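Since the structure comes first, as structure tokens, the remarks are kept for the end.
The structure presented is a predicted model; accordingly, all values stated were derived computationally and were not measured. Sequence lines set the chain letters: A, B, ... in the order given, protein chains first and strands last, and positions in each chain run from 1. No hydrogens, no waters, no symmetry mates; every other heavy atom, side chains included, goes into these values.
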Number of protein chains: 2
Amino acid sequence: MTHSQRRRIPDAAVARLPVYLQILNNLHATNVARFSSDELAALAGVNAAKVRKDLSYLGSYGTRGVGYEVTYLIHQIRRELGLMREWNVVVVGAGNLGCALAKFGGFAPRGFPVVGIVDNDPKKIGQSTGALKVSDVRNLQKLVKDLEVTIGAITTSTSAAQSAADALIEAGITSILNFAPIVLAIPSSVSVRNVDLGVELQILSYYEQMRIEQSDSKSQQKSNAVPV
Amino acid sequence: MTHSQRRRIPDAAVARLPVYLQILNNLHATNVARFSSDELAALAGVNAAKVRKDLSYLGSYGTRGVGYEVTYLIHQIRRELGLMREWNVVVVGAGNLGCALAKFGGFAPRGFPVVGIVDNDPKKIGQSTGALKVSDVRNLQKLVKDLEVTIGAITTSTSAAQSAADALIEAGITSILNFAPIVLAIPSSVSVRNVDLGVELQILSYYEQMRIEQSDSKSQQKSNAVPV
DNA sequence: TGTTGTGAACGCTTTCACAGCT
DNA sequence: AGCTGTGAAAGCGTTCACAACA
């Protein structure tokens, strides 16, 4: 079945493609040329049917009886994820985290160069952080237009995060990576990914507690199983 | 319907409870005493039915015709998430991120004190970072036992991450917060949350590209709609 | 009246199972 | 013989819609 119209990949699959890509890059680095859905599934910690379904959304790029080619699949995933071009990032909030992101050289080689960092604190504006100078947040719109920025990272304090988001949206940004522990009010036309360690820890905490309660009831069960 | 046996909350709901808790803490700080599912839904960016279903997993703690009480609900969510006690955290990898986590005082007050940091680099062992001294990773098991640590944060290089995970599991850790861009091989009895900015950016990239392609076809559509 | 709590319907995601190719 | 690609089934999660009730 050929589908020449726009393919829409289910969100759940989109979230897994970067993980597959990571693994395939590793396989490529270790000179592995081919892989089967079983192998990738084992490395990704999912099951093989899921891998095949996910990869099938890209097109029919496998060979029955043989498997998939590493380099070819890397290319296809990169194409589908929009990684054949660069996406410029602007950081809002020149605190510890913001400056760390601006200095960190790890994003540019992966296609996400940080091209600007802004703040509203006059003391910070003009200071250098890595190769960048902190700009006034009031220049955000111009900066976004001139440097064709599409992604904004919010690294402000919690209290400033919503106005940072407003400024980014006003400036024409359509994707936000939010590090502030707050739910941003944004139009549905803008994508947001939240990175909140507090939330992650609390989720872990829930499963920790479940484990403890489960083992409690198990040991109770055990003592029931060996009655006096 | 009363269910006295162990309640198991769906994973999707568990992931939202910390977000609700965040919002309720804010409401509490601004002296709001009550809220309706509609209000919380608006603040959390979800719909009201989902809020009610999620909260109903905690028990029937609302009042029909009135709503929910902020402080009471905070208490119930905290109880359910296992936040009535502290969960000690150990950091593996005393690099930039690891030291930042150890120094950062933001976790202890939220119930997740970082009680240790380890590395395998002799140059780093013994150095101070915040209130902690970097320990030898070989002391991990003793550290985990003595300080009753349940959560391990992996902040090593990618290449060292799997052995860090192995060491944590060997030491008896049951929850891992992984910052390395790699899928860890771990037993299913251990919970893992991955924090990978590369993955987040690539997901945003996909939706950015979709937006562009959509607007391309729209403008094409537009030019079709106004033919020469 | 106003809002919760919840069966039932719906839609999305995962898994199964096997036809279809190499 | 072996592995992919995919309909169909099963399983979850979300939303609807309304009875229950303060």
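Looking at A:Tyr206 and B:Asp11, their side chains never bring a donor and an acceptor atom within 3.5 Å of each other.
The side-chain hydrogen bond (donor to acceptor under 3.5 Å, both in side chains) pairs that include a residue from residues 177-188 of chain B are B:Asn178-B:Asn194, where partners are two or more places apart or lie in different chains. Applying the side-chain hydrogen bond (donor to acceptor under 3.5 Å, both in side chains) test to residues at least two apart or on different chains, the pairs with a partner in residues 21-36 of chain A are A:Gln22-B:Asp196.
Note: A:Tyr72 and A:Tyr61 have perpendicular aromatic rings, judged against thresholds of 30 and 60 degrees for the angle between ring planes.
Between A:Val115 and A:Val149 the shortest heavy-atom distance is CG2-CG2, 3.6 Å.
Against DNA chain D, the stretch residues 10-18 of chain B makes heavy-atom approaches under 4.0 Å through B:Pro10, B:Ala12, B:Arg16. Near DNA chain D, meaning a heavy atom under 4.0 Å from it, residues 45-53 of chain A has A:Arg52, A:Lys53 in order of number. Contacts between residues 28-44 of chain A and DNA chain D, defined by a heavy-atom separation under 4.0 Å, are made by A:Ser36, A:Ser37. For the contact set between residues 64-71 of chain A and DNA chain D, defined by any heavy atom under 4.0 Å, the members are A:Arg64, A:Gly65, A:Val66, A:Gly67, A:Tyr68. Against DNA chain C, the stretch residues 186-195 of chain A makes no heavy-atom approach under 4.0 Å.
Residues that satisfy the side chain to side chain donor-acceptor pair (under 3.5 Å) test with B:Asn96, not counting sequence neighbours, are absent from this structure. In this view, A:Ala15 and B:Ile203 satisfy the side chain to side chain contact (heavy atoms under 4.5 Å, CB included) rule, not counting sequence neighbours. Partners of A:Phe104 according to the side chain to side chain contact (heavy atoms under 4.5 Å, CB included) rule, which considers only residues two or more places apart in sequence or in another chain, are A:Phe107. Residues that satisfy the side chain to side chain donor-acceptor pair (under 3.5 Å) test with B:Glu208, not counting sequence neighbours, are A:Thr174, A:Ser175, B:Arg211. With sequence neighbours excluded, no residue forms a side chain to side chain donor-acceptor pair (under 3.5 Å) with A:Asn88.
Taking atom CD1 of residue B:Ile9 and atom C1' of nucleotide D:dG13, one finds them 15 Å apart after rounding to whole Å. Rounding to whole angstrom units, OH of residue B:Tyr57 and C1' of C:dT6 are separated by 10 Å. In this structure, OH of B:Tyr61 is placed 19 Å from C1' of D:dA22, rounded to the nearest angstrom.
Side-chain atoms of A:Trp87 come within 3.5 Å of backbone N or O of A:Gly82 as a donor-acceptor pair. A donor-acceptor pair under 3.5 Å links the side-chain atoms of A:Gln209 to the main chain of B:Arg79, judged by distance alone.
Taking 4.5 Å as the limit, every side-chain heavy atom of A:Leu177 sits out of range of all side-chain heavy atoms of A:Val89.
Here the rule is side-chain contact (heavy atoms from CB on, under 4.5 Å) with A:Ser205, and of B:Ile151, B:Thr150, B:Leu83 only B:Leu83 fits it.
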